[in-house]
Every structure is written in C-alpha cells, then in structure tokens.
Colleague: 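I have a structure here, written as structure tokens, and I will follow up with some questions on it.
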Amino acid sequence: AMLYRCPVIGRDCDGTREQLDNGKRLTGEEIGYRYKRRRKLVELMAECALDKNPAKMQDRAQKTVRELYTQQLCTDKIEKLYNQVLGNDKDSGDNSDI
C-alpha cells in the first residue's frame, strides 16, 4: 500500500509498529496512521477520509518502502540467513561446507 501511495492505518503493535517506527526514523515524521483501540481506528478512518492533503504522508511512506525494502535488500537478508543456517556465515568464523 505504501509503495503505491495509499494511506495506511495500522495497529500500533508488533511488525506494524516496527515498520511505522522505521519510517518515522527515516523521515522524521509519521508515515501512516496508528491506533491501539478500536475507537481510535474509527477516528482515524474518518480523519483519513477527510484529509484534504495526504500527499506528504504518502510521499514519506513511499520513500520508506523504496529505501528500506528493495528486492535487493530482501534478497541479501535471505542469503545471509541461509548462510548462517548452513554455517557459511563469514561473520561466524566458520566457513566449513555442510
């Protein structure tokens, strides 16, 4: 959704919180709407619908996705995990083949 500049409303917990925090660290501002309770979700849905200029938040969200979650970065992380599992991790000091 963020890549395609759709407004995001996410529950402020677990992985969703992590992604919103990553975006806030990168851009210095919120990249989506957060809620903890259902009542707040309803408020945010109304706020989002009434927002006349959501472009800045959408731009920040898209920037976050493009910088932190590229295909190359994801591929590199998966390769690193495989190497760790196989014991081929250069950082571990053990380069033996299994």
Side-chain angles (χ1 to χ4, degrees):
M2 291 179 186
L3 182 61
Y4 295 101
R5 302 185 76 253
C6 296
V8 172
I9 301 174
R11 189 157 186 213
D12 193 18
C13 67
D14 303 325
T16 304
R17 176 187 298 143
E18 182 180 355
Q19 302 317 311
L20 294 172
D21 288 348
N22 288 343
K24 190 170 183 178
R25 263 191 303 282
L26 179 69
T27 66
E29 295 182 67
E30 290 290 351
I31 63 168
Y33 300 92
R34 302 174 188 237
Y35 74 94
K36 290 186 180 181
R37 306 250 187 260
R38 277 184 268 165
R39 178 179 291 154
K40 182 67 174 176
L41 172 59
V42 172
E43 291 172 15
L44 287 175
M45 291 173 74
E47 182 181 327
C48 188
L50 296 173
D51 191 354
K52 302 281 191 240
N53 189 14
K56 289 182 182 182
M57 183 180 281
Q58 292 166 340
D59 289 345
R60 291 190 303 270
Q62 187 179 58
K63 172 187 168 78
T64 298
V65 172
R66 287 190 171 174
E67 289 190 25
L68 299 181
Y69 306 105
T70 66
Q71 287 181 351
Q72 186 62 51
L73 286 172
C74 289
T75 301
D76 292 346
K77 287 178 183 179
I78 291 169
E79 181 181 21
K80 182 177 181 177
L81 176 64
Y82 283 166
N83 284 327
Q84 288 173 342
V85 169
L86 294 173
N88 297 332
D89 187 19
K90 295 173 188 170
D91 296 332
S92 71
D94 180 10
N95 292 324
S96 63
D97 291 327
I98 295 177

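For the numbers below, each heavy atom of this structure counts, side chains included, while hydrogens, waters and symmetry mates do not. Every value quoted in this text rests on a predicted model; they were computed, and no experiment measured them.
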Colleague: Is a side-chain N or O of Thr70 found less than 3.5 angstrom from the main chain of Arg66, in a donor-acceptor match?
Modeller: no

Colleague: Enumerate donor-acceptor pairs with a distance under 3.5 Å from any side-chain N or O in residues 20-28 to protein atoms, sequence neighbours excluded.
Modeller:
| residue | atom | partner | partner atom | Å |
| --- | --- | --- | --- | --- |
| Asp21 | OD1 | Arg34 | NH1 | 2.9 |
| Asp21 | OD1 | Arg34 | NH2 | 2.8 |
| Asn22 | OD1 | Arg25 | NH2 | 2.5 |
| Asn22 | ND2 | Glu18 | O | 3.4 |
| Asn22 | ND2 | Tyr69 | OH | 2.8 |
| Thr27 | OG1 | Gly23 | O | 2.8 |
| Thr27 | OG1 | Glu29 | N | 3.3 |
| Thr27 | OG1 | Glu29 | O | 2.9 |

Colleague: Quick one: are Tyr35 and Ile9 in side-chain contact, heavy atoms under 4.5 Å?
Modeller: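 Touching, per the 4.5 Å side-chain cut-off.
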
Colleague: With distance as the sole test, does Thr16 use its side chain to make a donor-acceptor pair with the main-chain N or O of Asp12 at under 3.5 Å?
Modeller: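 Answer holds: no.
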
Colleague: How far apart are the C-alpha atoms of Leu44 and Lys40, what are their side-chain angles, what is the distance that settles it, and do they pass the side-chain contact (heavy atoms from CB on, under 4.5 Å) test?
Modeller: CA-CA 6 Å; Leu44 287 175; Lys40 182 67 174 176; 4.1 Å; yes

Colleague: Ignoring hydrogens, what is the shortest heavy-atom contact between Gln62 and Arg5? Give both atom names and the distance.
Modeller: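 Residues Gln62 and Arg5, closest heavy atoms: NE2-CG, 3.4 Å.
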
Colleague: Of all heavy-atom pairs between Val8 and Met2, which one has the smallest distance, and what is that distance?
Modeller: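 Taking every non-hydrogen atom into account, CG2-CG, 3.5 Å.
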
Colleague: Is it the case that over 12 heavy atoms from other parts of the model lie below 6.0 angstrom from the CZ atom of Arg11?
Modeller: no

Colleague: Please examine the side chains of Pro7 and Gln58, heavy atoms only from C-beta on, and report whether any two atoms are closer than 4.5 Å.
Modeller: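 A side-chain contact exists here, since the closest heavy-atom pair is under 4.5 Å.
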
Colleague: What residue among Met45, Arg39, Glu47 forms side chain to side chain contact (heavy atoms under 4.5 Å, CB included) with Glu43?
Modeller: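 Single side chain to side chain contact (heavy atoms under 4.5 Å, CB included) partner of Glu43 among Met45, Arg39, Glu47: Arg39.
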
Colleague: Out of curiosity, Cys74 SG to Glu79 CD, how far, rounded to the nearest 0.5 Å?
Modeller: 13.0 Å

Colleague: If you link ILVMFWY side chains whenever their heavy atoms are less than 4.5 Å apart, which other residues fall into the same cluster as Ile78? By chain and number, please.
Modeller: Tyr82

Colleague: State yes or no: do Ile31 and Leu3 share one hydrophobic cluster built from I, L, V, M, F, W and Y residues joined by side-chain heavy-atom distances below 4.5 Å, directly or via other members?
Modeller: yes

